[in-house]
Protein chains: 2
Amino acid sequence: MAEGSYHHGNLRAALLERAETVLAESGVAGLSLRGLARDLGVSHAAPARHFRDRQAVLDALVVSGFTDLNRRMRAAAEGPGPVQRRMADVGRAYVGFAIERAALLGLMFTAKHEEGSGEELRQLAHTSLEIAARLLAEAQRGGAVRPGDPTRLAQVAFSTVHGLAALAVGGLLDDTPVDDATDLALEVLLAGLRAPR
Amino acid sequence: MAEGSYHHGNLRAALLERAETVLAESGVAGLSLRGLARDLGVSHAAPARHFRDRQAVLDALVVSGFTDLNRRMRAAAEGPGPVQRRMADVGRAYVGFAIERAALLGLMFTAKHEEGSGEELRQLAHTSLEIAARLLAEAQRGGAVRPGDPTRLAQVAFSTVHGLAALAVGGLLDDTPVDDATDLALEVLLAGLRAPR
DNA sequence: ACCTGAACACCGTTCAAGT
DNA sequence: ACCTGAACACCGTTCAAGT
């Protein structure tokens with residue numbers, strides 16, 4: 001069952017894999033259910049067995065994106081080394097994800113993470129912030145970060161890193177290497193977080 | 001010529017105005033040329049006289065967005081008051097724009113600002129960064145900001161503010177008032193920019 | 001359980017034709 | 001110069017029918 005094996009239970013996974021490739025190559029506007037079905041050699045109605053509609057495919061991609069992002073951030077946050085180093089590592093993990101899966105990150109932040117829009121997705125998005133908040137709380141105990149609500153400080157830290165990723169992906173860093181921009185942003189952020197109010 | 005006056009030279013402007021409304025209400029996926037034409041009471045082919053294709057409408061919206069954003073940032077940067085205050089005002093101007101025209105901001109950062117994609121748009125996006133860089137250079141002369149390439153420091157400042165806007169628009173600030181989050185982010189940013197390397 | 005083929009309403013885009 | 005109407009190829013979604 002080598003070539004026609006999509007018809008044996010893994011069509012859903014195949015659709016998602018192909019969808020992210022198309023997303024990266026042609027943008028969200030270029031992603032069509034019929035196109036995916038054509039690429040995978042199934043009928044145009046087959047995807048409906050696995051996804052209610054086109055939006056459900058995009059939602060599933062966003063879920064896989066946040067899952068991967070959280071995994072990377074958690075690994076960096078829980079690694080060895082002093083807390084300042086791990087804070088910077090989390091930032092670099094975020095930017096790395098953003099560069100590797102740029103189109104997906106755009107999708108992840110196009111979706112509204114309000115109350116209504118899918119509890120799973122809302123929870124996943126908040127987990128990213130919680131990872132940062134926990135690490136900041138640890139840093140506060142060590143005196144490396146000013147006192148204050150770690151959740152709010154995490155919002156600031158997240159903003160810096162996400163904004164940097166957006167600039168990099170949008171091509172607004174010009175000839176500044178993204179690693180250099182990341183290092184500077186993290187250095188400024190950590191200095192600002194260290195300074196008492 | 002009150003009601004049917006779209007047929008007298010302002011169809012282009014009417015299309016853009018309606019397009020931004022639809023964008024805000026239904027997202028970019030809900031924006032169709034045929035729908036706009038229907039809303040304005042012209043034939044479905046009429047928009048083609050003013051915009052080459054659907055993407056041209058989106059591009060025009062993005063241009064108007066950056067023009068407005070730059071106007072607001074410039075006004076804040078050139079206002080009265082000490083330079084620290086004006087730096088924070090520029091940040092608040094950015095976040096204010098992001099909240100008011102959230103869907104448009106998403107569009108503005110979906111477009112790639114690489115070499116190829118329209119020189120006008122690339123120039124407009126860079127102007128935002130230049131406004132910040134000039135202000136930071138002034139602050140450096142007054143000693144309020146550390147030495148270093150103002151262009152690179154502007155990338156960091158822009159990241160913080162853009163990221164915050166993305167969080168706010170995405171609904172990830174939870175119950176934190178956006179003004180509070182903005183104040184904290186700007187305070188951390190300015191403290192970090194003040195600290196010497 | 002999973003997929004197919006037909007059907008319907010929608011869309012972008014083009015183009016000859018009208019005023 | 002500006003708009004219309006028809007045409008074409010595409011799309012999302014649904015549904016009876018097949019295996």
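Keep in mind it's a predicted model, so treat the numbers as computed, not measured. Residue numbers begin at 1 in each chain, while the letters A, B, ... track the order of the sequences.
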**Report entry** Pair assignment for D:dC8, Watson-Crick or G-U wobble, requiring both distances under 3.5 Å
**Finding:** C:dG12
Report summary line: Judged by nearest nucleotide, the residue sitting upstream toward the 5' end of DNA chain D, B:Ala46 or A:Leu31, is B:Ala46
Query raised in the report: To the nearest Å, how far apart are B:His44 NE2 and D:dA9 C1'?
Result: 14 Å
Query raised in the report: Can you check whether A:Met87 reaches A:Val145 side chain to side chain, under 4.5 Å on heavy atoms?
Result: yes
Requested in this report: Report yes or no: is there a donor-acceptor pair, N or O only, under 3.5 Å between the side chain of B:Arg34 and the base of C:dT13?
Outcome: yes
Report summary line: Taking D:dG5, D:dT13, C:dC10 as options, the one with an atom nearest any side-chain atom of B:Arg38 is C:dC10
Report task. Write down the distance between CG (B:Asp53) and P (C:dC11), rounded to a whole number of angstrom. Result -> 17 Å
Requested in this report: Fit a plane to each ring of B:His162 and B:Tyr94, take the angle between them on a 0 to 90° scale, and name the class: parallel (under 30°), tilted (30 to 60°) or perpendicular (over 60°).
Outcome: perpendicular
Query raised in the report: If only side-chain N and O atoms of B:His50 are considered, is one of them under 4.0 Å from the OP1 or OP2 phosphate oxygen of D:dC3?
Result: yes
Requested in this report: Please give the nucleotide sitting opposite D:dC3 as a Watson-Crick or G-U wobble pair, both distances under 3.5 Å, or none.
Outcome: none
Report summary line: note: A:Leu33, atom CG; D:dC10, atom P; distance rounded to Å ~ 16 Å
**Report entry** Closest to side chain of B:Val42, choosing from D:dT4, C:dG12, C:dC3
**Finding:** D:dT4
**Report entry** Whole-Å distance separating the CG atom of B:Asn10 from the C1' atom of D:dA1
**Finding:** 14 Å
Query raised in the report: Would A:Glu130 and A:Arg74 pass as an ion pair if we require N to O under 4.0 Å?
Result: no
Report summary line: Quick note, A:Arg49 side chain, CB onward, closest among D:dC3, C:dC3, C:dA6 is C:dC3
Query - Student check: side-chain heavy atoms of B:Leu15 and B:Val57 closer than 4.5 Å - result: no
Query raised in the report: At under 4.0 Å between heavy atoms, what does A:Arg54 touch on the DNA or RNA strands: base, sugar-phosphate, or nothing?
Result: sugar-phosphate
Query - Nucleotide paired to C:dA17 in any strand shown, Watson-Crick or G-U, under 3.5 Å - result: none
Query raised in the report: Which part of the nucleic acid, if any, lies within reach of B:Ser43 when heavy atoms closer than 4.0 Å are counted: base, sugar-phosphate only, or nothing?
Result: base
Query - CA sep, side-chain torsions, deciding dist, call: A:Asp89, A:Arg86, salt bridge (Lys or Arg N to Asp or Glu O under 4.0 Å) - result: CA-CA 5 Å; A:Asp89 284 344; A:Arg86 282 181 282 131; over 6 Å; no
Report summary line: From CZ of A:Phe51 across to C1' of C:dC3 the rounded distance in Å is 16 Å
